[in-house]
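Only one structure is covered here, and it is reproduced in the block below.
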Amino acid sequence: MDGETLYSIGELARRTGLTVKTIRFYSDRGIVAPTDRSPTGYRLYNIDAAARLDLVRTLRDLGLGLPAIQKVMDRELSLPEVASAHAEALAVQIHTLRLRRAVLTTVASRGSTPEEANLMHKLAQLSEAERRRLIGEFLDAVFGGLGADHVFAGVMRSMTPELPDNPEAEQIQAWVELAELSQDSDFRASVRRMAEDQAAEMAWGDTTRLRRGLVATVFHQVGPALTSGIDPASPQADSIVAALSADYAHVLGRPDDFELRRRLLARLENVNDARRERYVQLLAVINGWSAPESLAPTFEWSVQALRIRLRR
């Protein structure tokens with residue numbers, strides 16, 4: 001072609017950094033056709049072919065398949081259209097890879113059995129609707145039929161995980177563990193007992209001093225004792241246990257005697273379940289909340305202090 005510099009396939013390979021084999025492949029597919037041929041039949045390419053090859057290489061590096069690249073080069077599809085569709089496909093792949101990574105990380109850290117790994121994989125793959133059904137069934141089993149729906153409705157909302165659309169690996173791992181925990185029949189029974197105790201306390205009437213629940217009351221009464229380093233067996237702990245017991249007696253409308261303190265001890269032992277605290281910790285990770293303060297030391301102090309005084 002008059003005045004136009006043409007390059008052999010070897011020269012084009014040196015200019016673009018692609019192999020002769022690759023350029024020949026794209027040429028055979030019609031993606032970058034030769035501009036002309038030499039008298040002996042060898043392919044010749046102009047500078048526009050080099051530019052097309054650079055674009056093809058870029059699109060391949062971005063993961064586009066040859067059919068899509070062919071349509072872009074032939075202008076059957078615009079590059080923005082192809083890029084948008086490919087970005088959506090990549091988003092799905094990234095989400096899937098995050099799920100797989102989270103499951104594999106959990107399996108590795110926990111030394112899971114093949115059966116456990118299979119369950120974790122299934123839990124990680126659940127859709128949003130399926131996750132809601134699974135947690136909804138757990139919460140219904142725990143709080144259903146107890147009355148005081150206006151109170152427990154708020155509790156149920158506060159115990160509902162909301163996995164974001166693009167969760168981090170830690171959130172997926174937390175979801176898998178929380179989902180497993182919610183299916184644990186022993187844990188369900190433990191939480192159900194806590195809910196039944198709370199419902200009974202509300203039914204007995206005056207809850208002004210325990211209106212925020214036993215957990216908040218124990219934390220308020222016992223927290224300062226822990227901060228001050230008071231031993232649960234020391235005489236200094238007597239007044240703290242007495243105040244806690246008096247609050248509970250006030251709620252139940254019963255005398256502060258041995259039976260009431262034994263009931264309070266059983267209540268605290270049930271609340272002092274490491275799985276309950278773990279559920280709250282996992283919930284915070286999933287929902288992006290601040291890490292909750294551990295209440296285990298507070299409950300452990302209370303349980304020890306009550307046991308000691310009930311044995312006297």
Side-chain angles (χ1 to χ4, degrees), residues 106 110 112-113 115-120 122-124 126 130-163 173-204 207 210 212-219 222 244 248 251-252 254 259-287 292 294-304 306-307 310:
T106 303
R110 292 167 54 178
S112 303
T113 65
E115 293 76 17
E116 290 170 333
N118 184 49
L119 174 60
M120 282 188 276
K122 289 180 180 178
L123 292 174
L126 293 179
E130 291 169 330
R131 291 196 302 269
R132 287 189 175 277
R133 281 197 295 272
L134 185 145
I135 296 299
E137 191 272 329
F138 161 67
L139 295 174
D140 285 342
V142 170
F143 296 105
L146 292 178
D149 292 341
H150 64 289
V151 175
F152 286 121
V155 175
M156 291 169 72
R157 283 195 298 272
S158 71
M159 292 181 65
T160 300
E162 299 285 352
L163 195 66
Q173 288 176 252
W175 155 252
V176 170
E177 187 177 343
L178 184 143
E180 285 184 297
L181 190 56
S182 73
Q183 303 306 296
D184 185 322
S185 58
D186 189 56
F187 175 64
R188 285 190 176 201
S190 175
V191 180
R192 176 70 181 188
R193 287 193 298 272
M194 296 180 208
E196 289 172 342
D197 287 339
Q198 187 174 353
E201 289 163 4
M202 289 188 292
W204 274 312
T207 59
L210 276 174
R212 294 176 57 198
L214 184 64
V215 172
T217 300
V218 171
F219 186 77
V222 177
L244 185 61
Y248 198 59
V251 169
L252 270 59
R254 298 184 179 184
E259 286 302 320
L260 180 126
R261 292 194 176 195
R262 190 172 67 172
R263 181 186 181 92
L264 176 58
L265 174 60
R267 179 87 157 90
L268 290 172
E269 287 174 334
N270 193 42
V271 175
N272 189 31
D273 186 332
R275 294 169 301 183
R276 180 199 64 80
E277 184 159 295
R278 183 58 179 162
Y279 186 100
V280 174
Q281 292 169 344
L282 295 169
L283 191 65
V285 173
I286 296 167
N287 291 355
S294 175
L295 297 177
T298 303
F299 284 116
E300 189 60 36
W301 191 99
S302 304
V303 167
Q304 288 184 32
L306 272 166
R307 283 176 179 166
L310 285 172

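Summarising the geometry, atom CZ belonging to Arg263 is positioned 5.5 Å from atom CG belonging to Leu252; distances are rounded to the nearest 0.5 Å. Atom-to-atom distance recorded for Arg254:CZ and Tyr248:OH is 8.5 Å, nearest 0.5 angstrom. Interatomic distance, Leu178 CG to Gln281 CD, rounded to the nearest 0.5 Å: 11.5 Å. Residue Leu306 holds its CG atom at 13.0 Å from CZ of Arg262, rounded to the nearest 0.5 Å. Atom-to-atom distance recorded for Gln304:CD and Leu268:CG is 12.0 Å, nearest 0.5 angstrom. Put simply, OG on Ser302 and CZ on Arg267 are 12.5 Å apart, with the number rounded to the nearest 0.5 Å.
Across all their heavy atoms, Val285 and Ala174 have their closest contact at CG1-CB, 3.8 Å. What you find for Ala195 and Phe152 is that their closest heavy atoms are O-CZ, 3.6 Å. Closest approach of Glu277 and Leu295 over heavy atoms only: OE1-N, 2.9 Å.
Taking 4.5 Å as the limit, some side-chain heavy atom of Ile135 sits within range of a side-chain heavy atom of Trp175.
The pair Arg278-Glu177 meets the salt-bridge criterion, with a side-chain N (NZ, NE, NH1 or NH2) lying under 4.0 Å from an Asp/Glu carboxylate O. Between Arg132 and Glu162 a salt bridge is recorded (basic side-chain N to carboxylate O distance below 4.0 Å).
With sequence neighbours excluded, the residues forming a side chain to side chain donor-acceptor pair (under 3.5 Å) with Arg192 are Glu196, listed by chain and number. Applying the side chain to side chain donor-acceptor pair (under 3.5 Å) test to Gln183 and every residue at least two apart in sequence or in another chain returns nothing.
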For residues 139-146, please give each side-chain donor-acceptor pair under 3.5 Å, one per line with the distance, not counting sequence neighbours.
none

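The side chain to side chain contact (heavy atoms under 4.5 Å, CB included) with Glu269 is formed by just one residue from the set Asn272, Val271, Leu265; it is Leu265.
Judged purely by atom type and a 3.5 angstrom limit, Asn287 uses its side chain to pair as donor or acceptor with the backbone of Thr160. No donor-acceptor pair under 3.5 Å is formed between the side chain of Ser190 and the backbone N or O of Phe187.
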